[in-house]
Undergrad: 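Let me give you the structure first, and then I'll get to my questions.
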Amino acid sequence: MNFTTQRAQVAWDPSRTSLAKIIAAVREVGYDACPYEPRRHEARERRERRAELWRLFVAAFGAMQVMMYAFPAYVGEVALADTQLMRWASLVITLPVLAFACRPFFAGARRELANARLGMDTPIALGLAGGFTASAWATLTASGEVYFDSISMLAFLLLAARLAEGTLRRRAARELDPLLNGVSQEDIPIGKILSVAPGQRFPADGVVESGRSSADQSLLTGESRAVPKGVGDRVVGGSVNLEQPLVVRVTHAGADTQAAAIARLAERAAASRPRLVEAADRVARVLTPVVIAGAALAWLYSGNPWIAVAVLVVTCPCALALAAPVVLTRAAGQLLASGALLTRSRALEALAKVTDVVIDKTGTLTEGRLALKRTYVLGRLGEGQCLALAASLEASSRHPIARAFSGIDTIPVEARHAVGEGIEARVDGSLVRIGSRDFCASLCSSSRDESQWRDESQCSVFLADESGWLAAFELEDQLRPDARRVIDEMAQAGLTVHLASGDTPEAVAAVAARLGVVRCQGGMTPQAKHDYVARLQAEGRVVAMIGDGVNDAPVLARADVSFAMGAGADAAQLKADVVLPGNRLDAILESFSLARNAMRMVRQNLGWALAYNAVALPLAAAGWIGPWEAALFMGASSAAVLLNASRPLAGAAPWKAFSFSSLSRSPSYS
């Protein structure tokens, strides 16, 4: 569930239930639900906003009329008959204010009571209903005081605050909507041939069949640079064709597109909350019954129902409930725009406290487009046979190493199995492995010394079967253009950078020297990476891990916060807290900066909301704050939180101005 976007992700077993039954169950609880469709959602928001404006208008009109009737009683003597007439007129005018304008408060309170869970609407509804009942009784009996003017003004101020909150919430939610709106919701058949004109968005994921152009993929990657597209290149739904017409064959459509998958992860992130926010929610849930009990005691002690009304209104936990959701949704939207997809909002808390960054090499600091440089034949098979065997084993892998063997003819293999250090399969009944040196050495019995041909500065991949070594492949990869700058800026900010890789120690040391990284280690297994991060955490460090392969999944889960490259393995992305769809390392820098600013803003909002309630409750209980003043203060408190939440997140405080070395350790998430 995501309060800010008012959306929920639902998975169900069609053999046990249906979407219609799920929607019916939601409606039984007291809410409405329908399948999400961008245009329908926008139309519904417009209707809701019109209804909110009408309710605010009725409340404002009623407040002005009732204040006009109440004014003579405030400034001078009025005949008893005239006073009673104005009381009845005020009652009649206040009725539609409560029945129509205040209906959301009463409907919300009814839902909360039906589900035995008190929320923000219950104290407001009690205050409005109690104040109106007391005033109506005074009108019927022609005795006592009436406060129809306070009730109407209270309703107006509450509705104005709710309208402002809804406006900002919708604005924050729209930061995530372009992903869903950019992809066609039509059921486009897989394999259909489409012609996409310049300036049009690709309605689905596909492959270019003919034509040559470039695409703007900034919607997905945050990278504004156009990406060339030609025959055989993949295009992603939601990106824009720029120069020439392209003929595209659809491979994924609708909910199966990359944009839809990213949107689902973004929704999941917005629905999760940092532990600080969860603690605030628990305080808000406790605060409501405390407020109601305090109002009852104040009424019993003073005998004045209006003191109880003031207590109920002034201490409504609205500001406390609004303190975080808008900030977190805006943070997720801005991170996505910069090329970093936040998959878990609670990662923001750890991102703001990171002290050490552990980075994988291949596919992370390097382009991940490995090319075969040289083949060394070591056994009974020729070079062509070794290449075909290697390509066959790597055919189903998404690891960057596998792409070095693409385009080579393959042969049938059986029982293919991928592990952290490589891949093994059976070929003609014989077990064959491709991967790291140690992984292959444990299979074959040959003890041949490879040092005479192995280039220590390059990545080497080995091939062996049960009879012995078959071949070694020397691969080369290029560093990402922004790798050195990103690592330099991390170091300048006080972060300790570590290079941890499964490649040979010599190859890792060569890359570390080029990047200026002092702490580096090569030849690491997935377990070794996991233990490396665990040792850092045991020293009180807050660790961010950046990786891309299947073998990085365990350490990504172990780290306090983790990044996965968008071109990497699915297993890595599932374990990561942040995915980089555009594979841009500089998006990591923006993530640190924005997370720190967002969490500071959340703490400011929570601190203000708690301090306000701590001061307002005793003042209202002492009778120093009347009902309409209580509404004014409550609205001002919510407005202060919302205004603070709407301040710029990025660039509010340059991240390089902070030192991370003295920060305390954050809890480890797994």
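Only heavy atoms go into these numbers, but all of them, side chains included; no hydrogens, no water, no symmetry mates.
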Undergrad: Nearest 0.5 Å, what's the CE-CG distance between Met86 and Leu91?
TA: 14.5 Å
Undergrad: How many angstroms lie between atom OH of Tyr301 and atom CD1 of Ile307, to the nearest 0.5 angstrom?
TA: 10.0 Å
Undergrad: For Met599 and Leu348: C-alpha separation, side-chain torsions, deciding distance, then whether side-chain contact (heavy atoms from CB on, under 4.5 Å) applies.
TA: CA-CA 7 Å; Met599 290 310 299; Leu348 287 171; 4.0 Å; yes
Undergrad: Quick check for you: to the nearest 0.5 Å, what is the distance between Leu594 atom CG and Leu342 atom CG?
TA: 9.5 Å
Undergrad: How far does CG of Asn605 sit from CG of Leu610, to the nearest 0.5 angstrom?
TA: 11.0 Å
Undergrad: Kindly give the heavy-atom pair with the smallest separation between Arg55 and Leu159, and that separation in Å.
TA: O-CD1, 3.7 Å
Undergrad: Sequence neighbours left out, what passes side chain to side chain donor-acceptor pair (under 3.5 Å) with Arg49? Give chain and number order.
TA: Thr167
Undergrad: At their closest point, which heavy atom of Ile93 faces which heavy atom of Gly62, and how far apart are they?
TA: CG2-CA, 3.7 Å
Undergrad: Which residues satisfy the side chain to side chain donor-acceptor pair (under 3.5 Å) test with Asp13, sequence neighbours excluded?
TA: Ser15
Undergrad: Starting at CG of Leu335, measure out to CD of Glu590 and round the result to the nearest 0.5 Å.
TA: 8.5 Å
Undergrad: So, taking the atom named CZ in Phe105 and the one named CG in Leu98, what distance separates them when rounded to the nearest 0.5 Å?
TA: 10.0 Å
Undergrad: Considering non-hydrogen atoms only, spot the tightest contact between Met153 and Ala63 and give its length.
TA: N-CB, 4.0 Å
Undergrad: Under the ring-ring contact (aromatic ring centres under 6.0 Å, His included) rule, collect the residues that match up with Trp54, sequence neighbours excluded.
TA: Phe57
